Amino acid sequence: MPVRASIEPLNWENQFFGINSAKVLFDEQAAPLTLEALNGWSRVQAKIAAHQTDQLDALQQLGFQLVEGEVDLALTVKAVAHSCAEVATVDDIPQLRQLAAQAFAQSRFRAPWYAIDASGRFYAQWIENAVKGTFDDQCLVFRHDDGTIRAFVSLREVNASEARIGLLAGRGAGAELMQAALCWAQTRGLSTLRVATQIGNTAALKRYIQSGANIVSTAYWLYR
């Protein structure tokens, strides 16, 4: 079957990564994607629901390759105990950048699709923006006794009823981080907390499910 879609440039990513990339916008009213249109880009991203196997096959015939599977989960926000997490400040940015770069070195922005250091740089910038409130709304941290950061979670309000976890990292701190995120959402009167993770990240999936999350959807990322 043909893949009916338009191609939209990823302007921010292009500036950040220094490559000519775009994403596929699926539209049944659009013309079929052609190799000629795709060849004008150094990288084209496509995200499809995991059950759309016909679309998966069609994209692979156009030269797309599977990069990553993604699971999206949702939790009902209920009353939780107060969290001792602190709101990160600009003074925490250098340490948070380093921690995020290490924790998310193997994302879908990994080599060979992007430069070796691209994933780390991307998530370092994400957490800095979260502290500044320019992407996610806020970053919460837990500290060691010496004041250094041992775990962090970034969050943003999606709409009047939902929040989404952006980045979450900290070995052995999953339960604390989830409690902090739920407390954050609860204080804002939100009813749903969403989070996404890689299909292969079974430790994260287990933690989210133990915290009360249900799987909402699964998807595939493909690149060409």
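Predicted model, so just to flag it, every value in this text is computed and none were measured.
- Side chain to side chain, Asn201 and Arg207 fail the donor-acceptor criterion of an N or O pair below 3.5 Å.
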Worked verdict on Asn14 versus Arg43 for side chain to side chain donor-acceptor pair (under 3.5 Å): CA-CA 10 Å; Asn14 291 346; Arg43 176 77 59 247; over 6 Å; no

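- No side-chain donor-acceptor contact under 3.5 Å links Asn20 and Ser42.
- Side chains of Gln61 and Asp57: no donor on one and acceptor on the other come within 3.5 Å.
- Of the N and O atoms on the side chains of Glu70 and Trp221, at least one donor lies less than 3.5 Å from an acceptor on the other residue.
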Side chain to side chain contact (heavy atoms under 4.5 Å, CB included) evaluation trace for Val131 with Thr89: CA-CA 6 Å; Val131 174; Thr89 70; 5.6 Å; no

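- When side chains are defined from C-beta on, Val87 counts as touching Leu140, because their heavy atoms get closer than 4.5 Å.
- When side chains are defined from C-beta on, Ser161 does not count as touching Leu190, because their heavy atoms never get closer than 4.5 Å.
- Between Trp126 and Phe122, the ring planes lie perpendicular to each other; the angle is over 60°, past the 30° to 60° tilted range.
- By the side chain to side chain contact (heavy atoms under 4.5 Å, CB included) test, Thr192 is found to be paired with Ala74, Glu162, Arg194, residues two or more places apart in sequence or in another chain being considered.
- When the side chain to side chain contact (heavy atoms under 4.5 Å, CB included) test is applied to Ala50, the partners found at least two apart in sequence or on another chain are Thr218, Tyr220.
- Comment: Asp137 does not engage Lys132 in a salt bridge, judged by the lack of any side-chain N to carboxylate O separation of less than 4.0 angstrom.
- Salt bridge Asp72/Arg164: present, at least one basic N to carboxylate O contact under 4.0 Å.
- Sorted by first and then second residue, the side-chain hydrogen bond (donor to acceptor under 3.5 Å, both in side chains) pairs with a member in residues 171-180 read Arg150-Glu176; sequence neighbours excluded.
- Outside the 6.0 Å centre-distance limit, the rings of Phe109 and Phe104 are not counted as a close aromatic pair.
- A donor-acceptor pair shorter than 3.5 Å can be found between the side chains of Glu13 and Gln45.
- Residues Arg97 and Tyr123 have side chains that never bring a donor and an acceptor to within less than 3.5 angstrom of each other.
- The backbone N or O of Gln138 sits nowhere less than 3.5 Å from a side-chain atom of Asp136 that would complete a donor-acceptor pair.
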